[in-house]
Number of protein chains: 2
Amino acid sequence: MILSKTCDHAIRATLYVALHQERNYVPIREISEHLGLSFHFLTKILQVLTQQKIMNSFKGPNGGVSLARPAQTISIKEIVVAIDGKGLFAGCMLGLDTCSDEHPCPLHQQWTVVRDQLEAVFAQTTLAYLADRIRNEGLRLANLDASSLVS
Amino acid sequence: MILSKTCDHAIRATLYVALHQERNYVPIREISEHLGLSFHFLTKILQVLTQQKIMNSFKGPNGGVSLARPAQTISIKEIVVAIDGKGLFAGCMLGLDTCSDEHPCPLHQQWTVVRDQLEAVFAQTTLAYLADRIRNEGLRLANLDASSLVS
DNA sequence: TATATTTAAGACATAAGACTCTTTATTCTT
DNA sequence: AAGAATAAAGAGTCTTATGTCTTAAATATA
Ligand code: FES
Ligand code: FES
C-alpha cells in the first residue's frame, strides 16, 4: 500500500471538511459516520493534523474541526507528509537507509523519475481543487456499498 | 513504504543471483550474508519466488537458487507482483475497496497517471539491465555501512 | 551406506500498525 | 451553577508484517 490507512483516512476526512466549509466547525462524529470509520480512530488522526496546524479544532457544543487555512493552500502532499512523513518522497525504493544520487541503489534512477512526478502532482493538487471535482463530478469518498453514507 | 520489506529483500536477492549467473546455483546462506539479512527469512521469501517459477532451487551440496529464466526476461514488476500482489498497480490510492474509471475516488486521476508510468517503468526494467548497471556503475545492493559485505 | 550440505516447511516470537475504550478538559446552553 | 456536547489524551486490544527457530526432505560425496 502506498499510503497508510491512517493517511487515507486523513485525506478523506479533510476532503469531507473542505466540502462543508460553509459551516464553522464539522464534528468528528459526523465525519466518521459519513465516511464509515471509527470515531475514536479518526479523532486521533485529526489530532495530528491539528497539531500540524493543518486543521483547527474547537471543543464543546458546535465544536469540531475546520481547515486552518484556505483549501486552495492545502495540498495533498502536505497531508501525506504530516501523517506518513516524507519517506514516500525521499526514501529508497529498496528500503535502504539512505537514498541519494551519490550512492544510488539499482532502482534509484527508475524510481526517482516516478517519485518526483508523484511529488509534483501531489504538491499541486489542493483540497479546493479536489472538493470542486467531487462536487462537479460526483467522485466517491467512500466505498460503493457505503456510498449512501456520503449523502 | 512503497514495497514491503519482503519485496525489497526479494529484489535485492534476485539481483545478487543475476550478478552471479555464471555459477549453477547460489546458496541462500551466501546471499543472506552478502546482503546482511536473515538466512531463514530470505529462505522463506525465495521459496515464494521458486513457487512462482521465477527461480529454481536445488537441495544438497552445491545447491542453492538460480533464475528460472534468462535475466533479460524477468522484470522488476514480475517480482513485485509475485511478492506483494498486484495491489500497487491496481489498487485505490485512498484504500477504497475498488479502483475504477467508472467510480473514481478524488485522487484517481492524479494517481493513475503516475501509477501507469510506474508500472511501465517496472515492467520494462529487467534483472539483466539492472545487473549490468550494478556492474558498470557500482550501484549498491546494501546499506553503505554494510557495503563491504557486497564484495 | 553414512555423513555433510543444502532447501522446504511450519511453528513460534516480536514489532508495528490499526483500532477501541475510558477518562479528562473545554465550551455552550439552560 | 449544572448539565450536555465535544475534542484531547492515553491506555489497552487486535491484526498483520516481520523475523526466528526447529525439524524434515533431498542431494552429493566419501
Ligand atoms: S537509493 Fe534506492 S531509490 Fe534512491
Ligand atoms: S479509485 Fe482511488 S485511485 Fe482509483
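FYI, side chains are in, hydrogens and waters are out, and symmetry mates aren't considered; it's all heavy atoms of this structure. So that the names make sense, note that chain A is the first sequence line, chain B the second, and so on, each numbered from 1.
For Glu137(B), the salt bridge (charged side-chain N to carboxylate O under 4.0 Å, His left out) partners two or more places apart in sequence, or in a different chain, are Arg133(B). With sequence neighbours left out, the salt bridge (charged side-chain N to carboxylate O under 4.0 Å, His left out) criterion links Asp97(B) to no other residue.
Less than 4.0 Å separates DNA chain C from at least one heavy atom of each of the following residues of residues 2-12 of chain A: Ser4(A), Lys5(A), Thr6(A), His9(A).
The hydrophobic cluster containing Leu96(B) does not contain Met1(A), counting ILVMFWY residues as joined when their side-chain heavy atoms lie under 4.5 angstrom apart, directly or transitively.
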Classify every nucleotide of nucleotides 24-30 of chain C by which part a protein heavy atom approaches to under 4.0 Å, writing B for the base, S for the sugar-phosphate alone and - for neither, in 5'-to-3' order. -BBBBS-
Nucleic acid footprint by protein, nucleotides 9-16 of chain C - heavy-atom cut-off 4.0 Å, B for base, S for sugar-phosphate alone: BBB-----
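Ring geometry, Tyr16(A) versus His34(A): the interplanar angle falls from 30° to 60°, so the pair is classed tilted.
Within 4.0 Å of Phe39(A), counting heavy atoms only, lie sugar-phosphate atoms of the nucleic acid but no base atom.
At a threshold of 4.0 Å, the pair Glu78(A)-Lys53(A) does not count as salt-bridged, since none of the basic side-chain nitrogens sits closer than that to a carboxylate oxygen.
For DNA chain D, the outermost nucleotides in 5' to 3' order that have an atom under 4.0 Å from a heavy atom of chain B are dT18(D) to dT29(D).
Here the OG-CG distance, from Ser32(A) to Leu42(A), works out to 6.0 Å after rounding to the nearest 0.5 Å.
Crowding of Asp116(B) atom CG: a count of heavy atoms from other residues, nucleotides or ligands under 6.0 Å exceeding 12.
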